[in-house]
2 protein chains.
Amino acid sequence: MHSYTEENYLKALFNLSADKGEVSANELSKQLGIKMPTVNSMMKKLSEKKLVHYESYKPLRLTEKGKREAGLIIRKHRLTEMFLVQKMGFGWEEVHEIAEQIEHLHSPNFFERMDALLGYPKIDPHGSPIPDKTGKMEWIKYEKLSSCKEGDTVRLAAVIHTTDDFLKFLNLRELSLGVKLKIKTVEKFDGSMTVSHNKKGSDTLSHIVCDRLLVEKL
Amino acid sequence: MHSYTEENYLKALFNLSADKGEVSANELSKQLGIKMPTVNSMMKKLSEKKLVHYESYKPLRLTEKGKREAGLIIRKHRLTEMFLVQKMGFGWEEVHEIAEQIEHLHSPNFFERMDALLGYPKIDPHGSPIPDKTGKMEWIKYEKLSSCKEGDTVRLAAVIHTTDDFLKFLNLRELSLGVKLKIKTVEKFDGSMTVSHNKKGSDTLSHIVCDRLLVEKL
DNA sequence: TAAATTTGTTAGATGACTCTAAGTTATTAC
DNA sequence: GTAATAACTTAGAGTCATCTAACAAATTTA
């Protein structure tokens, strides 16, 4: 098994390299809040363990094995988040910190049971896909709300770059996963949108907000 | 906060010194599977932190502060065990290992929620008392089954020295907390007992078994 | 009570993870 | 195409929790 520390490096590598498939040591260092030389030596160690492709002065890439192991940690994180929300009544803004800790538990039984009690969910409370038991993650291709046009009707499917503050902001506006939104207007000069929302009236959302909301067109 | 390691020392000290109020470094070392010199230096460290009374060549004692902190860890352990059994469907023989890990989580919210969902239980699935939020534990004085006499009718209230094997042994005989037992015979030469048990016929239990079962006389 | 045994202590080393300081390679900006 | 800046690497040190080896104190045994 890997140490708590190694698991955190793997997870960060996985998350940061999600798009390009590679990360700079510098990004990783910032993400983890750990100084470059420390990251550097850990990369050599993970490279020894065949979890990371490491070459001097080159970007970092997870090996297939590394991706699998990282996927399994993220699986535990997301199952936990789902459990906390669905079975323990936490809000989606409260679960990240707890899941950061529970994801490191070593107990196949425990996560197996969570999974079963939840009915084998495919997504977490923020709409992110839960990797399967082999660590593989199916990307669902949603659109950003920011790329939609006036008149579109969409369903809120996922939230990215989730922070407590952002999620609380969405709570206040009753913007939860699944809500149907109709785009009334899109401002040219700042990209903000006015959307109408089932029961409530309409809300104006800044471009920054719209860029973090993933939707499914209806 | 204390490290994972320190918490394990505190917990072990608490459990081992439950009766006499003190433990030898040697016992502690054996319990934790950690060599004496390591234990010795950790005791000095915990003494610095005012968690343990340490004097050369004297038995170890937890300070009041140490007892409180240990009690809080045991509280988390036992609440977790209760949650795993009551809310997640685990058997009482499966929960110890998982709780060993969860007890170290730092999230007041999480344990608060568990406690509430369970309805503020006072005992864990093995009948051990759950310390309160200040770390204080109320001992309930049950009798050992081994000290009961022929003809007594008792209710099984708690199990001590719980190991997987012992709990599985009890499962097979449908001996769960709360069952009513009537003591038919007590063998003079080996202290084994024949007890009859609600629905089932009667079972013969060795002295070793009877010594690990705590009962309430009816 | 003296010898043998057990228990406890000190000293010094190791491995995991972190850091700072200083040097090297790439990249960016005139 | 240098010079400046940013990114990366190396070297060396510190902390935490662990170990082994060697010694000292306490306890048990004969």
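Below, chain A is the first sequence line, B the second, and so on; all start at residue 1.
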Short side-chain to backbone donor-acceptor contact, A:S128 and A:D124, under 3.5 Å: no
Measure CD1/A:I34 against P/C:dC19 and give the value in whole Å, please. 6 Å
Give the residues of residues 42-53 of chain A touching DNA chain C, defined as any heavy atom closer than 4.0 Å, sorted by residue number. A:M42, A:K45
Hey, are A:K67 and A:E64 close enough for a salt bridge, meaning a charged N less than 4.0 Å from a carboxylate O? yes
Partners of B:Y4 by ring pair (Phe, Tyr, Trp, His ring centres under 6.0 Å), sequence neighbours excluded? B:H104
Can B:K133 and B:E112 be counted as an ion pair, charged N to O under 4.0 angstrom? yes
Side-chain donor-acceptor pairs under 3.5 Å in residues 18-27 of chain B, sequence neighbours left out?
unit_1, atom_1, unit_2, atom_2, d
B:S24, OG, B:E27, N, 3.0
B:S24, OG, B:E27, OE1, 3.4
B:E27, OE1, B:S24, N, 3.3

For residues 134-147 of chain A, which side-chain donor-acceptor pairs fall under 3.5 Å, sequence neighbours excluded?
unit_1, atom_1, unit_2, atom_2, d
A:T134, OG1, A:D132, OD1, 2.7
A:S146, OG, A:D211, OD1, 2.5
A:S147, OG, A:K144, O, 2.9

Within the distance-only criterion (no hydrogens, no angle test), does the side chain of A:R78 pair as donor or acceptor with the backbone N or O of A:P131 below 3.5 angstrom? no
Just distance, no hydrogens or angles: give the donor-acceptor pairs under 3.5 Å from side chains in residues 161-170 of chain A, sequence neighbours left out.
unit_1, atom_1, unit_2, atom_2, d
A:T163, OG1, A:F166, N, 3.2

Check every strand shown and say whether B:Y54 touches a base, only sugar-phosphate, or nothing at a heavy-atom separation below 4.0 Å. sugar-phosphate
Round to the nearest Å and state the distance from B:L32 atom CG to D:dC19 atom P. 10 Å
Do side-chain atoms of A:K217 reach the backbone of A:C148 as a donor and acceptor pair under 3.5 angstrom? no
Phosphate-side-chain proximity, A:S3 and C:dC17, N/O vs OP1/OP2 below 4.0 Å: yes
The side-chain contact (heavy atoms from CB on, under 4.5 Å) partners of B:Q101 (sequence neighbours excluded) come to A:L105, A:H106, A:S107
Whole-Å distance separating the CD atom of A:E55 from the C1' atom of C:dT25: 15 Å
Quick one, give me the B/S/- string for nucleotides 22-27 of chain D, reading 5' to 3', where B means a protein heavy atom under 4.0 Å from the base and S means that only happens at the primed atoms, P, OP1 or OP2. ---SS-
Can you sort out the partners of B:E187 under side-chain contact (heavy atoms from CB on, under 4.5 Å), two or more places apart, ordered by chain and number? B:F189, B:D190, B:S192
Between C1' on C:dT5 and CE on B:M36, what's the gap in Å once rounded to a whole number? 14 Å
Check side-chain contact (heavy atoms from CB on, under 4.5 Å) between B:K11 and all other residues, then give those that pass, not counting sequence neighbours. B:N8, B:N15, B:I73, B:I74, B:E100, B:E103
Mind running a 4.0 Å heavy-atom check of residues 5-27 of chain A against DNA chain C and sending the residues that fall below it, in number order? A:T5, A:Y9
In residues 82-92 of chain B, what donor-acceptor pairs under 3.5 Å come from side-chain atoms, sequence neighbours left out?
unit_1, atom_1, unit_2, atom_2, d
B:K87, NZ, B:L117, O, 3.3
B:W92, NE1, B:N171, OD1, 2.9

Report the distance from atom NZ of A:K35 to atom P of D:dA13, rounded to the nearest whole Å. 20 Å
Which residues, if any, of residues 98-106 of chain A bring a heavy atom under 4.0 Å of DNA chain C? none
